[in-house]
Structure formats: structure tokens, C-alpha cells
Amino acid sequence: MQDEHKQRLFTLIGGIPAGKVAAYGQLADLAGLPRQARAVGRLLKELPKSSTLPWYRVVNSQGKISFPYGSQKYTEQKTRLQMEGVIFIKDKINMRVYQWA
DNA sequence: AAGGTGACTCTGC
DNA sequence: CGCAGAGCCACCT
């Protein structure tokens, strides 16, 4: 994937307001990368632990966290979102309510 | 170098 | 709600 797209993705993700979330595919589309949701996942995977990017505000299109249920990462992401007011019902977010843009 | 994998997603049954 | 199939594609084996 080109640096240009990476930049656009970083900007987009950094622009997601607290209490809101975006799906991988949605971000890919907005960055000009249709059908490349996986590319967004790959990008986030390489983020340094020190990154300030709100990576936890990115969930899958079903409103669920894309980490194994109960894993450390899963719990961290869910906790962070809950701290911003996002409500989980059956481990799922109502995208109609929290989806950004 | 061929084949498996995965922070995905949509369609269809 | 769940599972299968297909598209997608950079990375690992």
C-alpha cells in the first residue's frame, strides 16, 4: 500500500472523535482503497505501542472487536471504548449509533 | 516459489 | 445467529 494511503488512513483514524467508532472497510473506502479492509488491519497491526493514534476506535463492520474474545487486546479495546461512553450489548456495538461519518 | 494466513466484508442459505 | 464462499493482498512459511 502506498504512503499516500497510509497518511490518509492515519489522518482519518486520528480524526475519529471520542465516543465514536469506524469500521476497517469504511476507513479503507474513505482513504480511497475500496475492498481493502484487511490493509487497514495490517496497518494498525504495525503501530508501535507508544502510538497515540486511537486504534481502539476501529472495529469491524458488525460492530464487534476483531480480537479473540477475552484476549488481552480485546479487553483493552473494549475497556477504552467503554470509558468513552460506548455501550456494548452482547459484546457488540450498535453501529447505527456510534459509527463516525 | 507455492500455499497458508489474517486487527475484513459482503452475499446467500 | 451461524456457516460457507469469494474477493482482497501483503506477509510468513
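So you know, we letter chains A, B, ... as the sequences are listed, proteins then strands, and number each from 1. What you are looking at is a predicted structure, and each value in this text was computed from that prediction instead of being measured.
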| request: Could you identify which residues of residues 14-28 of chain A place a heavy atom less than 4.0 Å from some atom of DNA chain B, listed by residue number, or say none? | output: A23(A), Y24(A), G25(A)
| request: To the nearest 0.5 angstrom, please state how far the CZ atom of R57(A) sits from the NZ atom of K20(A). | output: 12.0 Å
| Gap between atoms CG and P, on L30(A) and dC8(B) respectively (whole Å) | 18 Å
| query | Rounded to whole angstrom units, what separation is found between the CD atom of Q62(A) and the P atom of dT11(B)? | reply | 13 Å
| Derivation and outcome, side chain to side chain contact (heavy atoms under 4.5 Å, CB included), residues V21(A) and I93(A) | CA-CA 9 Å; V21(A) 300; I93(A) 293 173; 4.3 Å; yes
| task | Can you tell me the distance, in whole Å, between the CE atom of M95(A) and the P atom of dC8(B)? | result | 13 Å
| note | Which of dA7(B), dC1(C), dC10(B) is nearest the side chain of K45(A)? It is dA7(B)
| said: If I take atom CG in residue L33(A) and atom P in nucleotide dT9(B), what distance separates them, rounded to the nearest angstrom? | reply: 14 Å
| request: Measure the distance from CG on L53(A) to C1' on dA7(B) and round it to the nearest whole Å. | output: 13 Å
| Roughly, in whole Å, what's the span from CG in D91(A) to P in dC1(C)? | 11 Å
| Per-nucleotide protein contact string for nucleotides 8-13 of chain C (B base, S sugar-phosphate only, - none; heavy atom under 4.0 Å) | BBS---
| request: Within residues 66-78 of chain A, find the residues that approach DNA chain B with a heavy atom at under 4.0 Å, and present them sorted by residue number. | output: S66(A), F67(A)
| message | The test is salt bridge (charged side-chain N to carboxylate O under 4.0 Å, His left out); show your working for E46(A) and R42(A) and say whether it passes. | response | CA-CA 7 Å; E46(A) 61 182 60; R42(A) 276 196 306 269; over 6 Å; no
| request: Using the P atom as the reference point in each nucleotide, state the distance between dT5(B) and dA4(C) in Å, no decimals. | output: 15 Å
| query | So, Y56(A) and E84(A): side-chain donor and acceptor under 3.5 Å apart, yes or no? | reply | yes
| Short question: side chain of T79(A), backbone of T75(A) - any donor-acceptor pair under 3.5 Å? | yes
| Axial cation check for W55(A) ring with K73(A), 6.0 Å and 45° limits | yes
| query | Step by step, would you call K64(A) with V59(A) a side chain to side chain contact (heavy atoms under 4.5 Å, CB included)? | reply | CA-CA 6 Å; K64(A) 295 190 298 182; V59(A) 298; over 6 Å; no
| field | CD1-CG distance between I13(A) and L27(A), expressed to the nearest 0.5 angstrom | value | 5.5 Å
| said: Work out how far the P atom of dA6(C) is from that of dA7(B), and round it to whole angstrom. | reply: 22 Å
| query | Shared ILVMFWY cluster between M95(A) and V97(A), side chains joined below 4.5 angstrom? | reply | yes
| query | Quick one: does H5(A)'s side chain have a donor or acceptor within less than 3.5 Å of a partner on L33(A)'s backbone? | reply | no
| Would you call K78(A) and D91(A) a salt bridge, using N to O less than 4.0 angstrom? | yes
